[in-house]
Amino acid sequence: MSTSYDFDTVIDRRGTWCVQWDGVADRFGVDGLLPFTISDMDFETAPEVLAALRTRLDHGVFGYTDWQQDDFTSAIAHWYTTRYGTTIDTGRLVYAPSVLSQLSQLLQMWTSDGDGVVVHTPTYDGFRKAVTGLGRELRGVPLGDTAALERELARQDSKVLLICSPHNPTGRVWTEAELAEMALLAARYGVAVISDEIHADFVHDGHRHVPWPRVAGDGRWAVITSASKSFNFPALTGSYGIIGRPADRTEFLRRMQTAEGLASPAVFSLTAHIAAYREGGAWLDALRAYVTGNLALVAERLNAEFPGLGWEPPQAGYLAWIDVRKAGVEDDEALQRVLIERERVAVMPGSVYGAEGFVRLNVGCPRSKVEAGVEALIRGIRAVRAARA
């Protein structure tokens, strides 16, 4: 099926106001680097989505729009049923410009200044910015450390457990048992749960995403997500959420419609979501297979060059989370200098996510770019090791 779609053709994104390509100097201080950074992809979105957008564009009228209509909500329900075997109550759905805007609203609803928000470490930097930017305290627990998780949830002022499911940056897919245990602990200590599931559609073969509503129980909870990550249209803006308690949903909608003045959604986001969820499944499956090949290439090259690394592809996503300490690199700054100044590539350092000694390499791109990136990383690691010798 993957031969039906072209993921090999390189599309020039320069000059399109693209954060990954045109904004690389903002983060790395140097322009013109080959970027493997922010988690969007270098692929066109699904042709079915493009066709729907063109049809809507040709209509020519773009007035105020309502997201609370069956075309949109039933498409979401269809996706959850066909992809995850999960029935969702469309009466619990909400809409917002982005997943992080939803997170901000929910934190303002469910926490006060100084309250604790528990996250797993390493931590997506967007979480850190949202939590600390609102004056809340970010409380990290290592992935898989249930005892540490319970200790933090048991603190009287811990009000929210914020999970990334699947996890960014590691690509970890939580099992149903792990999620059920989190739900149990959150209920025990009266902690609300916010589950960011924007990477859910990119779970690789051998693993299964379990939507939070499957394990949520009667506690206070919300799912925040979007098709924009898996179908690569974040620039259209738009996300949706599922909120457990009716009163919380009502309050969320009130805030968005009044305090935030966001009663009308972006019509192209609605159009793209509907087309993606109704018609884009085959494209997404082909893309995941292609990305699996990219990740396999990274594993083959890295492990051939550095036998002690033992790197394995993530369980989900197109972000290769690599422990370069196992390849003999202890100096993160030295590796970044070599990658930027000599190799002319931009790769996210693990320090962005609170994990020194790691890099996050985005392989959501044509294979020729992946090859260039992994070879640059290999040369960079060699150079740092040689300088230390």
Side-chain angles (χ1 to χ4, degrees), residues 1-11 20 34-49 79 82-85 124 143 164-175 197-211 225-234 276-277 279-306 309-323 347-348 358-378:
M1 187 174 291
S2 62
T3 55
S4 301
Y5 303 99
D6 176 14
F7 301 117
D8 286 318
T9 297
V10 175
I11 300 171
Q20 182 163 188
L34 184 65
F36 299 85
T37 54
I38 191 169
S39 59
D40 69 2
M41 297 183 283
D42 291 331
F43 305 120
E44 286 186 345
T45 189
E48 296 83 0
V49 172
W79 190 253
T82 56
R83 284 273 150 171
Y84 306 120
Y124 166 48
L143 282 174
C164 203
S165 179
H167 184 261
N168 177 17
T170 68
R172 164 82 171 272
V173 176
W174 303 105
T175 66
E197 302 187 7
I198 200 168
H199 294 273
D201 296 333
F202 244 97
V203 170
H204 297 299
D205 290 349
H207 304 279
R208 181 173 65 95
H209 171 68
V210 177
T225 190
S226 174
S228 63
K229 186 70 66 177
S230 46
F231 287 89
N232 204 38
F233 51 75
Y277 284 171
E279 305 172 55
W283 178 88
L284 180 61
D285 291 339
L287 176 60
R288 282 193 302 104
Y290 187 88
V291 168
T292 296
N294 284 352
L295 291 166
L297 170 65
V298 172
E300 179 182 1
R301 290 296 297 120
L302 286 178
N303 293 331
E305 292 292 330
F306 311 110
L309 184 61
W311 187 77
E312 295 183 1
Q315 297 171 350
Y318 50 82
L319 305 169
W321 181 247
I322 303 164
D323 186 349
V347 179
M348 295 294 264
F358 289 78
V359 295
R360 195 190 77 169
L361 183 76
N362 180 348
V363 300
C365 55
R367 195 147 298 154
S368 58
K369 184 186 174 192
V370 177
E371 290 170 348
V374 73
E375 295 304 325
L377 180 59
I378 288 170

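- Tyr84 and Asp201 share a side-chain donor-acceptor pair at under 3.5 Å.
- Leu287 approaches Ser230 most closely through the heavy-atom pair CD2-O, 3.9 Å.
- Note: Trp174 and His167 have perpendicular aromatic rings, judged against thresholds of 30 and 60 degrees for the angle between ring planes.
- Remark: Glu312 CD is loosely packed, at most 12 non-hydrogen atoms of other residues, nucleotides or ligands lying under 6.0 Å away.
- Atom CG of Leu297 and atom OG1 of Thr292 lie 12.5 Å apart (nearest 0.5 Å).
- At a threshold of 4.5 Å between non-hydrogen side-chain atoms, the residues Phe43 and Pro366 count as touching.
- Taken from CZ in Phe36 to CG in Leu319, the straight-line distance is 13.0 Å, to the nearest 0.5 Å.
- Tested against Pro314 for a side chain to side chain contact (heavy atoms under 4.5 Å, CB included), the candidates Val363, Thr170, Leu295 yield a single pass: Leu295.
- With sequence neighbours excluded, the residues forming a side-chain hydrogen bond (donor to acceptor under 3.5 Å, both in side chains) with Gln20 are Asp40, listed by chain and number.
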- Might you work through the salt bridge (charged side-chain N to carboxylate O under 4.0 Å, His left out) test for Arg367 and Glu371, ending with a clear yes or no? CA-CA 6 Å; Arg367 195 147 298 154; Glu371 290 170 348; over 6 Å; no
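- Atom CG of Leu284 sits about 11.0 Å away from atom CD of Glu48, to the nearest 0.5 Å.
- Heavy atoms only, all atoms of each residue included: Asn362 and Ser39 are closest at ND2-CA, 3.9 Å.
- In this structure, CG in Asn294 is found 5.5 Å from OH in Tyr290, a value given to the nearest 0.5 Å.
- Looking at every heavy atom in both residues, Val10 comes nearest to Ser368 through CG2-OG, 3.7 Å.
- Side-chain contact between Asp42 and Ile11 is absent, with no heavy atoms from C-beta onward closer than 4.5 Å.
- Side-chain atoms of Asn232 come within 3.5 Å of backbone atoms of Met41 as a donor-acceptor pair (strictly under, hydrogens ignored).
- Proximity of Val203 to Pro166: side-chain heavy atoms (C-beta onward) are separated by under 4.5 Å at one or more points.
- Ring centers of Phe306 and Trp311: at least 6.0 Å apart, outside the cut-off.
- At distances below 3.5 Å, at least one donor-acceptor pair connects side-chain atoms of Thr225 with backbone N or O atoms of Glu197.
- Gln315 and His204 share no donor-acceptor pair across their side chains, judged by distance under 3.5 Å alone.
- When all heavy atoms of Ala286 and Tyr5 are compared, the pair lying nearest together is CB-CD1, 3.7 Å.
- For the pair Pro169 and Phe358, the minimum side-chain heavy-atom distance is 4.5 Å or more.
- In this structure, the separation between CG on Leu361 and OG1 on Thr37 is 10.0 Å, given to the nearest 0.5 Å.
- Atom-to-atom distance recorded for Arg208:CZ and Arg83:CZ is 14.5 Å, nearest 0.5 angstrom.
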- Output, in order, the C-alpha distance, side-chain angles, deciding distance and verdict of side-chain contact (heavy atoms from CB on, under 4.5 Å) for Ile378 and Leu302. CA-CA 7 Å; Ile378 288 170; Leu302 286 178; 3.9 Å; yes
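- Minimum heavy-atom separation, Trp283 to Pro47: CD1-CD, 3.6 Å.
- The existence of a salt bridge linking Lys369 and Asp8 is excluded, since no basic side-chain nitrogen approaches an acidic carboxylate oxygen closer than 4.0 Å.
- Judged by the 6.0 Å and 45° rule, Lys229 forms no cation-pi pair with Phe202.
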- Task: Apply the test side chain to side chain donor-acceptor pair (under 3.5 Å) to residues Trp321 and Asn168: give CA-CA distance (whole Å), side-chain angles for both, the deciding distance (0.1 Å), then the verdict.
- Result: CA-CA 9 Å; Trp321 181 247; Asn168 177 17; over 6 Å; no
